Each structure stands twice: as structure tokens, then as C-alpha cells.
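First comes the structure, then the notes that go with it.
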Amino acid sequence: MATFLIADDHPLFREALVGALQLKFDDLQMIESDSLETTLKQIEQQDDLDLLLLDLHMPGSGDLYGLIRVRELYPHLPVAVISGSDNAEVVSKVMGYGAMGFISKSSPSAKIAEAIETILAGDSWIPAELRGRLQPMTDEDADFANKMAALTPQQYRVLYLLHEGFLNKQIAFELAITEATVKAHITAIFRKLGVNNRTQAVLLVERFNLTPPL
């Protein structure tokens with residue numbers, strides 16, 4: 001029996017995907033999650049997952065941070081990103097950050113099943129129209145991904161709010177934590193990113209195009 005985890009915050013899409021895949025795969029167990037937090041909990045609780053189907057835009061995920069974090073914590077779990085953001089730049093980063101494949105949400109169910117079968121066989125998958133157009137990952141990109149992977153989800157939230165110009169007091173209010181906790185998170189963020197102040201942290205992550213994790 002194969003076990004897939006569908007991580008997407010749109011219940012109608014999850015329902016449609018579950019129905020489609022159960023018609024394509026025999027003896028299939030489907031597990032669902034709707035945020036990065038619930039996804040990490042499901043992975044921790046399930047020791048026999050065969051594949052994670054990961055949306056980029058779930059709560060807590062912040063686009064690529066969710067993928068980077070999953071790959072850091074569970075490097076042996078095959079991950080296929082399934083998303084509506086299917087331009088060559090996004091797919092290049094998805095594959096560079098360790099996904100086994102990229103599946104467009106607009107793909108017909110037969111094509112999604114073909115992609116999953118390919119990934120389960122140990123091969124990578126990208127849409128045919130993007131093959132040959134992807135850019136290789138640079139050493140700088142890989143170093144940045146390693147730094148981001150070290151951040152906890154809460155530290156990512158703090159970093160996003162720093163990037164948005166929030167003061168410590170505002171971050172504490174937004175996340176319902178104390179200012180002392182905010183300061184501790186910021187100290188850890190600076191250490192993990194290899195920077196000394198807010199300005200350096202913001203400049204470093206500008207290239208990452210941080211999106212709201214809340």
C-alpha cells in the first residue's frame with residue numbers, strides 16, 4: 001500500500017486530488033494537512049510515507065521556506081511540489097532546493113498520476129514545456145537555502161516581520177509572545193544567517209522574496 005500526504009490549504013483541491021488519485025492508484029492511503037505546522041506533524045507521526053505533495057503557499061510555508069524546511073528535516077522523504085506558480089524561475093528554485101518534481105495544478109489527473117509514478121520510480125519530473133529552460137542552482141543559492149533551513153517556523157515568522165519593518169514590540173504583539181522572546185529569536189536568526197544586525201538580515205533575504213507565513 002502506498003501512502004501519500006497532500007499538503008494544501010484548499011480543502012476543495014485536496015478533495016479533488018484525493019478522488020483523482022484513488023482512481024489511478026490501487027490500495028492507496030491519503031493523508032491531508034493544511035499548513036506547514038500540520039504537515040510537519042503528519043510527517044513526524046507517519047513513518048511509512050511514500051510521497052509528500054506540497055503546495056508552496058500554505059500558511060506558515062512562506063513559499064519556498066516550507067520546502068526547504070521539509071527537506072532539511074526529512075531528507076529521505078520524496079517531495080513533489082504541486083502548485084499554480086509554474087514559471088521557469090519558480091520551478092528552477094523548487095528543483096534546486098531538493099524537490100523530486102514539480103506538478104502544475106492545472107495538469108489533468110492522468111498527467112499528475114504519470115508524474116507521481118515517475119517520482120516513485122526514483123526519477124525527477126518537470127512539465128515538458130519547461131524542460132531545458134531551468135537554471136542550475138548556484139553555490140550562493142545553496143548556501144542561502146542552508147541558512148534558511150536552519151530557521152524554525154517561528155524564527156521565519158520573526159524574520160518576515162523584520163523584513164516588513166516591524167519593531168520588536170510590534171512583532172511581540174503580532175505573534176503573541178514577549179519582547180524578550182522576540183529578542184532571543186532575533187539573536188538566533190542573526191547567528192544562523194551569519195549577520196550582525198537587522199539591515200544585514202533584510203539585505204540578505206531580499207533575494208528570497210519573503211512571503212507572509214501567517
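Keep in mind that what you see is a predicted model, and the values were worked out from it rather than measured.
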Over 12 foreign heavy atoms within 6.0 Å of NZ, K111: no
Q45 atom CD, over 12 foreign heavy atoms within 6.0 Å: yes
Over all atoms of both residues, closest heavy-atom pair of K192 and A150: NZ-O, 2.8 Å
Heavy-atom side-chain contact between L51 and M100 under 4.5 Å: no
Contact list for residues 16-41, test ring pair (Phe, Tyr, Trp, His ring centres under 6.0 Å), sequence neighbours left out: F4-F25
Intermediate values then yes/no, salt bridge (Lys or Arg N to Asp or Glu O under 4.0 Å), K183 and E179: CA-CA 6 Å; K183 291 178 181 178; E179 285 191 61; 5.3 Å; no
V81 with I119, same ILVMFWY side-chain cluster at under 4.5 Å: no
Inter-residue atom distance E164.CD - E174.CD, 0.5 Å rounding: 10.5 Å
From K147 atom NZ to D143 atom CG, the distance as rounded to the nearest 0.5 Å: 4.5 Å
Heavy-atom closest pair, residues F144 and L204: CE1-O, 3.5 Å
Side chains of L162 and V205 in contact at under 4.5 Å (non-hydrogen atoms): no
Cluster check Y156, I171: I/L/V/M/F/W/Y, side chain < 4.5 angstrom: yes
Path from Y97 to I82 over hydrophobic side-chain contacts below 4.5 Å: no
Under 3.5 Å: donor-acceptor pair, side chain of Q170, backbone of F166: no
All pairs passing side chain to side chain donor-acceptor pair (under 3.5 Å) where residues 11-27 contributes a residue, at least two apart: R14-E32
Candidate pair L73 and E44, rule side-chain contact (heavy atoms from CB on, under 4.5 Å), full reasoning: CA-CA 10 Å; L73 295 175; E44 181 67 26; over 6 Å; no
Distance in Å, N146 CG paired with D141 CG, rounded so as to fall on 0.5 Å steps: 11.0 Å
OG on S61 to CD1 on I68, rounded to 0.5 Å: 9.5 Å
Smallest separation among heavy atoms of R133 and A88, with atom names: NH2-CB, 4.0 Å
Side-chain touch T38/M58, heavy atoms, less than 4.5 angstrom: no
Taking every non-hydrogen atom, the tightest pair across G60 and Y65: O-CD2, 3.9 Å
Close side-chain approach of M95 and V91, heavy atoms under 4.5 Å: yes
Distance (rounded to the nearest 0.5 Å) between N197 CG and L203 CG: 8.5 Å
Close side-chain approach of V79 to R71, heavy-atom, < 4.5 Å: yes
Closest heavy-atom pair and its distance - L36, P153: CD2-CG, 4.4 Å
I116 side chain near I103 side chain, heavy-atom distance below 4.5 Å: yes
L161/V182 under side-chain contact (heavy atoms from CB on, under 4.5 Å): CA gap, chis, key distance, verdict: CA-CA 11 Å; L161 295 175; V182 172; over 6 Å; no
Identified side chain to side chain contact (heavy atoms under 4.5 Å, CB included) partner of S33 from the options L5, D9, I43: L5
Atom CG of D139 with >12 non-hydrogen neighbours under 6.0 angstrom: no
More than 12 heavy atoms of other groups within 6.0 Å of E129 CD: yes
Under 3.5 Å: donor-acceptor pair, side chain of R69, backbone of L151: yes
L175 and T181, any side-chain heavy atoms less than 4.5 Å apart: no
Separation of E89 CD from L130 CG (nearest 0.5 Å): 12.5 Å
Hydrophobic cluster identity match, L52 and W125, side-chain contacts under 4.5 Å: no
Least distance between heavy atoms, L54 atom then G66 atom: CD2-C, 4.3 Å
Common cluster, I31/L77, ILVMFWY with side-chain heavy-atom separation under 4.5 Å: yes
